[in-house]
Structures are given as C-alpha cells and as structure tokens.
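Reviewing the structure listed below.
Any value given below was found using the heavy atoms of this structure, including those in side chains, with hydrogens, waters and symmetry copies removed. Along the sequence shown, the residues carry numbers beginning at 1.
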Amino acid sequence: MDLALLRTFVTVHRAGSFTRAAALLGLSQPAVTSQIRTLERQLGRPLFLRQARGVTPTTIGDELAHKAAPHLDALVEITETGLDDESSLRTLHLAGPPEFTAERALPALTELTGEDGQGFALRASFGNAEETLEGLAAGHHDLAISTARPRGALLTASTLCDEEHVLVAAPSWADKLGSGESVKTVPGVKRAPAFEDVPVVEVHESLPFVSRYWASVFDSRPAAPGTVVVPDLRAVLACAIVGAGLAVLPRYLCAAALERGDVVALHEPTVPPLRTYFLVVRTGTLAMPHIARAHEWLLRAAADWC
C-alpha cells in the first residue's frame, strides 16, 4: 500500500475535512479527494461518510486510522531526528494555554532537556483548547495541555490537575465594598453581594472566567461588562493589582499577589469553582520514549500543583 495514500488518509481522519487536510498537506482539495478514492478502491470499502461540513470516518476508517497512525508518526519521528540518535536530540513539541504552560509545564519539562542520553530539545507554542487539539491531531505537536477533553479514540487524554478560581481585586476595591475582608458565602443563598457595580478585567469580551464563576457560585450572570480586556491572565492580574477592577484568576497565578496583599479575595465560596486540565497525546505515540518520558514527568509534577 502506498504510504503517501495512508499519510493523506490519516491527515483527513485527524482534520475531519478534505479542505483542512489539503491545507495541512500542501495539496489541492481535488488531489486529496482523488487519493482517498484510490485508497477506498484498493480496500474495497468506504473510509469516510461525506457530510455538509467535513467528513466522518466509517468503522473501517476508524480501525485503519488507529492501526496506521502510530506507525506513520514513528516514521515522521525518524525523519525529523535522523537515524543517529546518539548525535542528535529528539525534539518534543508542546502546546497549551500560555499562562499555565509558561508557569507550570515549561519549568518542569526544562529539567529534561539537555544531552544526557535521555534528554530532548523542547519547542512550545500557545493556543486555546481548540487550537492545541487540532494541532495535535494534525501532527504539529507531540503533547497538548487542554481544558477540554477530546472526543473520539484518535487522541488519548489523562487528567493532569485541577485549578481553583479566585475572585480578586485590589485592596482599595475591598475597602469600597465594605470591611475590606472577603465576603463569606451564606449557606443556601446565592447572590453576588455588591459586585455588580465593580469594573471587570477579563481575557475576552465574553467574560469566560467571570461568567463561569458567577454561574457556579451565584447561579447568575455578571451584570458589569468588561472594562479592561486583555488576552493573557498575567496581564489581567497586573491590571487588577493597580485597581482596574475585579478579576477571576487561577489560584496558582495569583497566590503570590494574595500573600503580598497586592490583591485580596473578594469572596470565599464554600466550594470554589475548579477547572480541569488534561494532558493529551495522539493514540499510540506514547510508544516514543521522549514523549512517554515527558508525559510521565508532567503527571508526576502535577501532583504538587493541586
């Protein structure tokens, strides 16, 4: 069987679309369609069901992808690292959300870089859950850290850790709201006491962190729109420190600022909102030693992050 046909097939399977697969492969869409039809004729079975938006693999298509993809990935790994493993480092490609990856994952993984016979070179890229999982499925990354658990059997996810979300603001806002101490949750009462008029600092106009916190803790939606919107939680923290408004942040990111008194927790719910991170690989790629080592190392490191 022609390996080029298999490569095209696996790319379509991962991308879920002839159009996206063509872009990833640098081919025209008719060329991709022709290759898939050729492979289907050789196998005597349909591999995909064509839909209005993209394609869905048939049962035989799923089975072929799960058998072929790990071996194709291994061949790509050989071409990238060369045949002389002793003279060249393998490269691990990691993707994830910028703040968590920078503050947690990268400091842990850099301990594994170097020329000790088991180390690897490290390359990182940042993106949201959809971007990182698409890039992983397309073969651009080896590991992905995601806040969404992937569907299907082509990607394998392990729970990495949970992060606690905290409602914070500068001490001046706490003083304006009352005693300067955080508000306790009253059992059986869900409301956002006096927070409706406080400006909001967020990473997106849709207020994803504040909205999730309000829905979980207060069973409502935030009333105030975003006053400062900046696409990085570290920048959100910096703006909150100087008094731009309230923000909902992961505790690991604002713990030092809370300890210094740069910000204070405005609210102490009985059960704080949590968000789960997943460590995701393409199914079968943990057979590659450098990916398996990084995967195990991050899972062990995460035990101290919770």
Side-chain angles (χ1 to χ4, degrees), residues 92-113 122-136 140-150 157-170 200-214 216 222 226-260 262-266 272-280 294-295 297-306:
L92 180 82
H93 296 271
L94 173 72
E99 307 87 356
F100 186 88
T101 305
E103 299 289 330
R104 293 298 204 193
L106 286 176
L109 285 178
T110 50
E111 297 182 38
L112 299 182
T113 60
L122 180 61
R123 301 291 183 269
S125 60
F126 300 145
N128 59 35
E130 181 180 0
E131 293 167 344
T132 56
L133 292 179
E134 284 186 357
L136 178 66
H140 300 317
H141 317 307
D142 300 314
L143 285 176
I145 297 171
S146 171
T147 54
R149 183 187 289 274
S158 302
T159 300
L160 187 59
C161 66
D162 293 327
E163 67 176 15
E164 177 189 343
H165 285 180
V166 189
L167 177 62
V168 302
V200 172
V201 187
E202 256 284 10
V203 295
H204 191 270
E205 297 288 353
S206 63
L207 310 184
F209 283 83
V210 172
S211 295
R212 189 182 301 115
Y213 189 99
W214 252 243
S216 174
T227 300
V228 178
V229 176
V230 55
D232 191 296
L233 289 172
R234 292 162 293 192
V236 170
L237 174 59
C239 292
I241 288 174
V242 298
L246 64 79
V248 173
L249 293 166
R251 183 171 290 278
Y252 78 85
L253 193 63
C254 62
L258 285 167
E259 186 175 349
R260 292 191 303 266
D262 294 338
V263 292
V264 297
L266 294 179
L274 300 176
R275 183 168 67 165
T276 301
Y277 284 97
F278 300 96
L279 187 58
V280 191
H295 186 273
W297 193 269
L298 283 177
L299 290 177
R300 288 182 178 179
D304 297 326
W305 299 343
C306 301

Nearest atoms (heavy-atom pairs only) where [X] meets [Y]:
{"X": "Trp297", "Y": "Ala108", "value": "NE1-O, 3.1 Å"}
{"X": "Thr110", "Y": "Thr113", "value": "O-OG1, 2.7 Å"}
{"X": "Ala157", "Y": "Phe278", "value": "CB-CB, 4.3 Å"}
{"X": "Pro231", "Y": "Glu99", "value": "O-OE2, 4.4 Å"}
{"X": "Pro97", "Y": "Tyr277", "value": "CG-CE2, 3.8 Å"}
{"X": "Glu131", "Y": "Gly127", "value": "OE1-CA, 3.2 Å"}

Between Ser216 (side chain) and Tyr213 (backbone), is there a donor-acceptor pair under 3.5 Å? no
So does Leu207 get a backbone contact from the side chain of Ser211, meaning a donor-acceptor N/O pair under 3.5 Å? yes
Tell me which one of Val201, Leu266, Leu258 satisfies side chain to side chain contact (heavy atoms under 4.5 Å, CB included) with Val168. Leu258
Enumerate the residue pairs fulfilling salt bridge (charged side-chain N to carboxylate O under 4.0 Å, His left out) with a member in residues 232-250, sequence neighbours excluded, ordered by first and then second residue. Asp232-Arg234
Verify side-chain contact (heavy atoms from CB on, under 4.5 Å) between Thr159 and Arg149, making sure each step is shown before the conclusion. CA-CA 9 Å; Thr159 300; Arg149 183 187 289 274; 3.7 Å; yes
Quick check for you: to the nearest 0.5 Å, what is the distance between [X] atom [atom1] and [Y] atom [atom2]?
{"X": "Asp304", "Y": "Arg104", "atom1": "CG", "atom2": "CZ", "answer": "9.0 Å"}
{"X": "Leu122", "Y": "His93", "atom1": "CG", "atom2": "NE2", "answer": "9.5 Å"}
{"X": "Thr101", "Y": "Ile145", "atom1": "OG1", "atom2": "CD1", "answer": "4.5 Å"}
{"X": "Arg275", "Y": "Cys161", "atom1": "CZ", "atom2": "SG", "answer": "10.0 Å"}
{"X": "Glu134", "Y": "Thr132", "atom1": "CD", "atom2": "OG1", "answer": "9.0 Å"}

Listed partners of His165 passing side-chain hydrogen bond (donor to acceptor under 3.5 Å, both in side chains), at least two apart: Glu163
Under the side-chain hydrogen bond (donor to acceptor under 3.5 Å, both in side chains) test, residues paired with His140 that sit two or more places apart: none
Residues forming a side-chain contact (heavy atoms from CB on, under 4.5 Å) with Arg260, sequence neighbours excluded: Ala256, Ala257, Asp262
side-chain contact (heavy atoms from CB on, under 4.5 Å) filter on Val203, not counting sequence neighbours, yields Pro208, Phe209, Leu233, Val236
Kindly determine whether Leu94 and Leu106 satisfy side-chain contact (heavy atoms from CB on, under 4.5 Å), including the steps that lead there. CA-CA 9 Å; Leu94 173 72; Leu106 286 176; 4.0 Å; yes
Could you tabulate the donor-acceptor pairs under 3.5 Å formed by side-chain atoms of residues 240-253, not counting sequence neighbours?
| residue | atom | partner | partner atom | Å |
| --- | --- | --- | --- | --- |
| Arg251 | NE | Glu164 | OE1 | 3.1 |
| Arg251 | NE | Glu164 | OE2 | 3.2 |
| Arg251 | NH2 | Glu164 | OE2 | 3.1 |
| Tyr252 | OH | Phe100 | N | 3.3 |

Does the side-chain contact (heavy atoms from CB on, under 4.5 Å) test come out yes or no for Leu160 and Leu299, once each step is laid out? CA-CA 6 Å; Leu160 187 59; Leu299 290 177; 3.9 Å; yes
Do His295 and Ser158 have side chains that approach each other closer than 4.5 Å (heavy atoms only, starting at C-beta)? yes
